[in-house]
Amino acid sequence: MPLPAFTPRILSGIQPSGGLTLGNYLGAVSRFVEMQESGQYETLYCMVDLHAITVWQDPANLRHNTRELAAFYLAAGIDPAKSALFAQSHVPEHAQLGWVLNCVARMGWMGRMTQWKDKAGKNSENASLGLFAYPALMAADILIYHATHVPVGEDQKQHLELTRDIAAKFNNDYGVEFFPITEPVIEGTATRVMSLRDGSKKMSKSDPSDMARINMSDDADTIAKKIRKAKTDPEPLPETVEGLEGRAEARNLVNIYAALAGVGPENVIAEFGGQQFGAFKPRLAELAVEEIAPITGEMHRLMADEAELDRILAQGAAHARGIAAPILEDTFRIVGMLPRQ
Ligand code: TYM
């Protein structure tokens, strides 16, 4: 039976665990803004604070990081008049559906998640139960809105496949066509921004070397220095995109340039092919500073008025609850919970 038509709706989230990188901007938030502006979807974006506490967070830091992330979304172009922007914990339906989905997802499925294996490492006995159940809560974030599309970076692909499996198993177990089979949206040149020190590793806030990443809080000098020192090979930039094959670091810098400039890698190669990195890197640094500095400045401005930020988030949560509450009620009814009088 074909699935019923769902309203085109986007949900995505970012963990407020501190340290926002250029990867979060190019791989996620800049795409969220594009999708908001496309006018083709209802858009909901959140700070996944419940996910953040699956590993230890100092409470004061968590509060700060959650507001900072809200400021980042807004500074990058998320418009509260067009998108719901909210803290996950302010919409209790996420956790409530999360419980139901914990009962649908299988231990074996969760155990295969590479993020679980990476984060729990060899010491999984000591990892939190929440870290293991993380992807089921992520599925709930998406399915509580019947979201049809989820923009993310490449590293979240496996979690989105699991979300589809969980939705399909729920529909099958209860004989309903209730949850949509969500489409991941992993598009653009920056779905996997790599470390500046090692082109085989993702740019990550948890990398021990600060030189490996560009933080959204870096000033112009720091950004320029990190790009100048970024690892490259001795060859000039190739004359064709195919020439980037096997040159992970060169490819990464070209992709970053392309994403920042809003063009394809072929345009970057057309402009810089044959040139040395000594010529390319200053241009890349200039572009990066041009893009990042206004966002950082606006984040500072927004962070100075916490009451206003909190007001925007309260408004976003109220809007989100308006969508989530009836879907949770239907879910409970399907599962067999008594109706609340
Ligand atoms: P998180 O907080 O690790 O990352 C947030 C978003 O940034 C993207 N990203 C990158 N993209 C390209 N290159 C990089 N180097 C890079 N680093 C991070 C991530 O792919 C992600 O899109 N589990 C999620 C948060 C989450 C979520 C959700 C996402 C919770 N519930 C529901 C979508 C829908 C996470 O940990 O993202």
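Note that the structure is predicted; figures quoted are calculated from it, not measured. Keep in mind that the numbers below use all heavy atoms, side chains included, and drop hydrogens, waters and symmetry copies. In each ligand, atom 1 is the first atom listed, and ligand 1 is the first ligand listed.
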Counting both backbone and side chain atoms, is some N or O of [X] under 3.5 Å from an N or O of ligand 1?
| X | result |
| --- | --- |
| S12 | no |
| G153 | yes |
| M203 | yes |
| V193 | yes |
| K202 | no |
| Q156 | yes |
| D141 | yes |

Among [options], closest by any non-hydrogen atom to [atom]:
| atom | options | value |
| --- | --- | --- |
| atom 2 (O) of ligand 1 | K205, H94, Q15, R31 | Q15 |
| atom 19 (C) of ligand 1 | D155, L69, L160 | D155 |
| atom 12 (C) of ligand 1 | T191, I10, I142 | T191 |

Within reach of ligand 1, part of V48 (heavy-atom separation under 4.0 Å): side chain
Ligand 1 contact on S204 by region, counting heavy-atom pairs under 4.0 Å: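 Near ligand 1, S204 shows nothing, with every heavy atom at 4.0 Å or more.
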Which atoms of ligand 1 are found less than 4.0 Å from any heavy atom of [X]?
| X | answer |
| --- | --- |
| H51 | 30 (C), 31 (N) |
| R192 | 12 (C), 13 (N) |
| A190 | 12 (C) |
| V150 | 33 (C), 34 (C) |
| L11 | 32 (C), 34 (C) |
| G27 | 11 (N), 12 (C) |
| A28 | 6 (C), 7 (O), 22 (O) |
| N24 | 4 (O), 5 (C), 6 (C), 7 (O), 9 (N), 18 (C) |

Checking the side chain of [X] only, and the main-chain atoms of [Y] only, is there a donor and an acceptor separated by less than 3.5 Å?
| X | Y | answer |
| --- | --- | --- |
| T54 | H51 | yes |
| R247 | E235 | yes |
| Q158 | R112 | yes |
| N171 | F179 | yes |

Ring geometry between F277 and F280 (parallel below 30°, tilted from 30 to 60°, perpendicular above 60°): perpendicular
Y73 and Y45 aromatic ring geometry - parallel, tilted or perpendicular at 30°/60° bounds: parallel
Minimum side-chain heavy-atom gap Q315-R311 below 4.5 Å: yes
Side-chain heavy-atom pair V193, K202 within 4.5 angstrom cut-off: no
Short side-chain donor-acceptor distance under 3.5 Å, [Y] and [X]:
| X | Y | result |
| --- | --- | --- |
| N215 | D210 | yes |
| N255 | T189 | no |
| D219 | T222 | yes |
| D141 | Q88 | yes |
| Q15 | Y134 | yes |
| S17 | K205 | yes |

Shortest protein heavy-atom distance from [atom], along with the residue and atom involved:
| atom | value |
| --- | --- |
| atom 10 (C) of ligand 1 | G23 O, 3.4 Å |
| atom 36 (O) of ligand 1 | Y134 OH, 2.8 Å |
| atom 25 (C) of ligand 1 | G13 O, 3.6 Å |

